[in-house]
Amino acid sequence: MSKIAILQLPTLPLSEARLDYYLKICKDREAHLVLLGEYVLNSFFKELESMPKHIIKQQSEEKKRTLCELSKRYELNIIAPIVMSENEGFVKGVAKFSNGQFKFIKQQILMPYTHWNEAKFYANKINNELSFLTFKYENLKIGVAFGYEAHFDAVFTNLMRKKIDVLLMPTASTFDSNSRWQELLKLRALMNGIFIIRANRIGLYKTKGVKNDEAWKFYGDSLVVSPFGEIADRLGADEGVLIANIDKKEIATARSTWCFNAIASKFL
């Protein structure tokens, strides 16, 4: 049985105190792989749009330094989205902090919508070939993809070629999207015979003059979906930590029961 921790948090201040508190809990509970949600290390996207560039850069560099130090202090592998400076702009991606080291993979597919246009703001380039962060953790093959990328079949085709067992998915889901997200991730987990672990941020974003009930509310509900397409565990709407217990035997049982992976492998 392998343990993976989900930290459900809002955007964190520059101080390392809160992260230190939660990461020590993960260490004490023997969860050596930790997942954070989107826009936890950085301010939310809509805030970044109007933030001075030097402030964004300072925020990112300080969080990068902190996570490198904490990953070494507590002997953890920490997966967290982060915005990094590149040339005159910024790129968004996911970082793996391990033993004081930093590995960064750019997000592959960005949202292009009028109210949330990451594709326009960030300098990420869309390549013909998708490339996702994957790595070994104990006896599991782990993959990482952003929540928006879960909507695309090509993403899962790419990840399943790499024979992942668990997909880590940081999100910043808001509005009334929770039911849709649950059904989407349950289907993806069942059809691919994998665990999906989603870390969703919490907090509010509102513009001046907007009432709280009209603000963007990030509702949390970070969860673990089993390879049978069932929600195995979840957090509520509050800040906290969840330790997921991942049994590779359950993955094997689900795959042998439904045979989706064996059949699909003929076409990959």
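Throughout, numbering of the chain's residues begins at 1 and tracks the sequence. Every heavy atom of this structure was used, including side-chain atoms; hydrogens, water molecules and symmetry mates were not.
For Arg255 (side chain) and Gly193 (main-chain N/O), a donor-acceptor pair under 3.5 Å exists by modelled atom type. In this structure, the side chain of Gln59 engages the main chain of Ser43 through a donor-acceptor pair within 3.5 Å. Between the side chain of Thr66 and the main chain of Glu16, no donor-acceptor pair closer than 3.5 Å is present. The backbone N or O of Phe135 lies less than 3.5 Å from no partner atom in the side chain of Lys96, so there is not a single donor-acceptor pair. Proximity of a side-chain donor or acceptor of Gln108 to a complementary backbone N or O of Ser131 within less than 3.5 Å is detected. A distance-only check finds a donor-acceptor pair linking the side chain of Thr174 to the backbone of Lys217 [under 3.5 Å]. A donor-acceptor pair is defined here as one N or O able to donate and one able to accept, closer than 3.5 Å; such a pair exists between the side chain of Asn124 and the backbone of Gln107. Thr11 places a side-chain N or O within 3.5 Å of a backbone atom of Asn42 that can act as its donor or acceptor partner.
Note that the CG atom of Leu159 and the CD1 atom of Ile194 stand 7.5 Å from one another [nearest 0.5 Å]. Atoms OG and CD1, on Ser71 and Ile78 in that order, are 5.0 Å from each other to the nearest 0.5 Å. Between atom CZ of residue Arg73 and atom CG of residue Asn99 there is a gap of 13.5 Å, rounded to the nearest 0.5 Å. With rounding to the nearest 0.5 angstrom, the CG atom of Leu133 is 11.0 Å from the CZ atom of Phe104. Here the CZ atom belonging to Phe146 is positioned 10.5 Å from the OG1 atom belonging to Thr171, to the nearest 0.5 angstrom. For the atom pair CG (Leu167) and OG1 (Thr134), the distance works out to 11.0 Å, reported to the nearest 0.5 Å.
Contact check for Asn158 versus Phe132: side-chain heavy atoms found under the 4.5 Å cut-off. In this structure, Ile231 and Val224 have side chains that are not in contact, with every pair of non-hydrogen atoms separated by 4.5 Å or more. Here the side chains of Lys57 and Ser85 are in contact, with some heavy-atom distance below 4.5 Å. Looking at heavy atoms from C-beta onward, Leu19 lies in side-chain contact with Leu70 at the 4.5 angstrom threshold. Looking at heavy atoms from C-beta onward, Pro81 lies out of side-chain contact with Val40 at the 4.5 angstrom threshold. Using a 4.5 Å cut-off on side-chain heavy atoms (C-beta onward), Val34 and Leu7 make contact. Annotation: side chain of Phe228 is in contact with side chain of Thr253 (closest heavy-atom distance under 4.5 Å). A 4.5 Å side-chain heavy-atom check between Tyr122 and Leu110 finds at least one atom pair inside the cut-off.
In terms of hydrophobic clustering, with Ile, Leu, Val, Met, Phe, Trp and Tyr side chains grouped at heavy-atom distances under 4.5 Å, Ile82 and Leu48 are assigned to different clusters. Leu36 and Leu76 fall within the same hydrophobic cluster, where Ile, Leu, Val, Met, Phe, Trp and Tyr residues are linked whenever their side-chain heavy atoms come under 4.5 Å apart, directly or through other members. Met191 and Leu184 fall into different hydrophobic clusters, defined by Ile, Leu, Val, Met, Phe, Trp and Tyr side-chain heavy atoms under 4.5 Å apart, directly or through other members. Placement of Leu67 and Ile56 in two distinct hydrophobic clusters is found when ILVMFWY residues are connected by side-chain heavy-atom separations under 4.5 Å, directly or transitively. Both Ile4 and Val94 belong to a single network of hydrophobic side chains, linked directly or stepwise wherever heavy atoms of I, L, V, M, F, W or Y lie under 4.5 Å apart.
Closest non-hydrogen pair, Ala199 versus Ile6, comes out as CB-CG2, 3.5 Å. In plain terms, the two heavy atoms of Ser60 and Met84 that are nearest each other are CB-SD, 4.3 Å. Closest approach of Ala150 and Met169 over heavy atoms only: CB-CE, 3.5 Å. Ala189 and Ile196 make their closest contact through N-CD1, 3.7 Å (heavy atoms, listed as atom of the first residue, atom of the second, distance). For the pair Tyr137 and Lys3, the tightest heavy-atom approach, listed with the atom from each and the gap, is OH-O, 2.7 Å. Contact between Leu41 and Ala80 at its shortest, heavy atoms only, is CD1-CB, 3.7 Å.
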Problem - Audit row: Leu168, Val166, side chain to side chain contact (heavy atoms under 4.5 Å, CB included) steps and yes/no - result: CA-CA 6 Å; Leu168 304 183; Val166 180; 4.0 Å; yes

Exercise for the section: Given side chain to side chain contact (heavy atoms under 4.5 Å, CB included), test Val83 with Val91 step by step and report yes or no. Expected result: CA-CA 6 Å; Val83 174; Val91 291; over 6 Å; no

Practice task
Test Val225 against Phe195 for side chain to side chain contact (heavy atoms under 4.5 Å, CB included), laying out the working first.
Solution key: CA-CA 6 Å; Val225 185; Phe195 277 93; over 6 Å; no

Practice task
Just do the side chain to side chain contact (heavy atoms under 4.5 Å, CB included) check on Arg198 and Ser222 with the steps written out, would you?
Solution key: CA-CA 5 Å; Arg198 172 213 194 191; Ser222 299; 5.7 Å; no

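By the 30° and 60° cut-offs, the orientation of the rings of Phe260 relative to Trp258 is parallel. Classified by interplanar angle (parallel below 30°, tilted 30° to 60°, perpendicular above 60°), the ring pair Trp181/His151 is perpendicular.
Glu61 has no carboxylate O lying under 4.0 Å from a charged side-chain N of Arg65, or vice versa, which leaves the two without a salt bridge.
Cation-pi geometry between Lys64 and Phe102 is met: the NZ or CZ atom falls under 6.0 Å from the ring centre, inside 45° of the normal. Geometrically, Arg201 engages Phe218 in a cation-pi contact defined by less than 6.0 Å to the ring centre and at most 45° from the axis.
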Quiz: residues 236-251 side-chain donor-acceptor pairs under 3.5 angstrom, not counting sequence neighbours:
unit_1 : atom_1 : unit_2 : atom_2 : d
Glu239 : OE1    : Arg18  : NH2    : 2.7
Glu239 : OE2    : Arg18  : NE     : 3.2
Glu239 : OE2    : Tyr22  : OH     : 2.7
Asp247 : OD1    : Lys249 : N      : 2.9
Lys248 : NZ     : Asn139 : O      : 2.8

Return all side-chain donor-acceptor pairs below 3.5 angstrom for residues 25-32, not counting sequence neighbours, or 'none' if the list is empty.
unit_1 : atom_1 : unit_2 : atom_2 : d
Lys27  : NZ     : Glu75  : OE1    : 2.7
Asp28  : OD2    : Lys24  : NZ     : 3.0

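Within 6.0 Å of the CZ atom in Phe175, the count of heavy atoms belonging to other residues, nucleotides or ligands exceeds 12.
Legend: salt bridge (charged side-chain N to carboxylate O under 4.0 Å, His left out) pairs involving residues 104-122, not counting sequence neighbours, sorted by first then second residue: Glu86-Lys106, Lys92-Glu118. Within the structure, the salt bridge (charged side-chain N to carboxylate O under 4.0 Å, His left out) test picks out the following pairs touching residues 221-235 (sequence neighbours left out): Asp221-Arg234. Sorted by first and then second residue, the salt bridge (charged side-chain N to carboxylate O under 4.0 Å, His left out) pairs involving residues 129-155 (not counting sequence neighbours) are Asp153-Arg188. The salt bridge (charged side-chain N to carboxylate O under 4.0 Å, His left out) analysis of residues 6-15, with sequence neighbours excluded, yields no pairs.
For the pairing with Tyr205, the ring pair (Phe, Tyr, Trp, His ring centres under 6.0 Å) check across Trp116, Phe44, Tyr39 returns one residue only, Phe44.
Phe156 and Phe152 have their aromatic ring centers separated by at least 6.0 angstrom.
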